[in-house]
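What follows is a set of notes on a single structure, which appears directly below.
Letters A, B, ... mirror the listed sequences (proteins, then strands); counts begin at 1. The figures that follow rest on heavy atoms only: side chains count, while hydrogens, waters and symmetry mates do not.
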Amino acid sequence: MNYWLVKQEPDSYSFDDFVADKRAAWTGVRNYQARNNLRAMKKGDTALYYHSNIGKAVVGIAKVAKEAYPDPTAKEGDWVAVDLVPEKALKRPVTLDEIKTHKTLSEMVLVKNSRLSVQPVTKAEFDQIIALAK
DNA sequence: GCCAACGTTGGC
DNA sequence: GCCAACGTTGGC
């Protein structure tokens, strides 16, 4: 089981929207690194849901419901999408500020390469985020 | 709203 | 194949 972090601007698709939909096709990724991460996702993997720009916090947890398939929104090029389902909202969002101040989390891709929209997360990082959310 | 960081594009 | 120019992202 692997851990991931997906990023979304709450203005365009918040975690609440996601929960209301019960399932989302994660389409529109047009970055090679992010695409490779999508490809590496396995059904049942866990992903943190991060709100960029507004909030700047991890707000929820999602599960991979369907592994990578060709992105239907891509007219050309070799792009993929996955399907995600919401698992649960965190009791308390874990903000980017907090993440930066924690030693275990300061090496996260989120901090090092903030622009990557689909990123791997280590188990240690994941566990720490969950602990902080309580 | 600004701007730094990064990725992509295109001229050479 | 290099690198300058450009566009986009996202933190501030």
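The salt bridge (Lys or Arg N to Asp or Glu O under 4.0 Å) search around Lys123(A) returns Asp127(A), not counting sequence neighbours. Residues satisfying the ring-ring contact (aromatic ring centres under 6.0 Å, His included) criterion with Trp26(A), sequence neighbours excluded, are Tyr49(A). Scanning for side chain to side chain contact (heavy atoms under 4.5 Å, CB included) contacts around Arg23(A) gives Ala65(A), Lys66(A), Asp83(A), Val85(A), with sequence neighbours left out. Residues satisfying the salt bridge (Lys or Arg N to Asp or Glu O under 4.0 Å) test with Lys103(A), not counting sequence neighbours, are none.
Annotation: proximity of residues 24-39 of chain A to DNA chain C (heavy atom, distance under 4.0 Å) is found for no residue.
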Would you give me the side-chain donor-acceptor pairs under 3.5 Å for residues 3-10 of chain A, sequence neighbours excluded?
unit_1  : atom_1 : unit_2    : atom_2 : d
Trp4(A) : NE1    : Asp45(A)  : OD2    : 3.0
Lys7(A) : NZ     : Ser114(A) : O      : 2.1
Lys7(A) : NZ     : Leu116(A) : O      : 3.1
Gln8(A) : OE1    : Ser12(A)  : OG     : 3.3
Glu9(A) : OE2    : Asn53(A)  : ND2    : 3.4

Identify each donor-acceptor pair in which a side-chain atom of residues 14-21 of chain A lies under 3.5 Å from a protein atom, sequence neighbours left out, and give them as a table.
unit_1   : atom_1 : unit_2   : atom_2 : d
Ser14(A) : OG     : Asp16(A) : N      : 3.4
Ser14(A) : OG     : Asp17(A) : N      : 3.2
Ser14(A) : OG     : Asp17(A) : OD2    : 3.3
Asp17(A) : OD2    : Ser14(A) : N      : 3.0
Asp21(A) : OD2    : Tyr13(A) : OH     : 2.7

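Clustering of Ile, Leu, Val, Met, Phe, Trp and Tyr side chains at separations under 4.5 Å leaves Tyr69(A) isolated, with no partner residue.
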Discussion item. I need a per-nucleotide contact map over nucleotides 3-12 of chain C, read 5' to 3'. Cutoff is protein heavy atoms under 4.0 Å; write B for the base, S for backbone only, - otherwise.
Written reply: ----BBBBBS
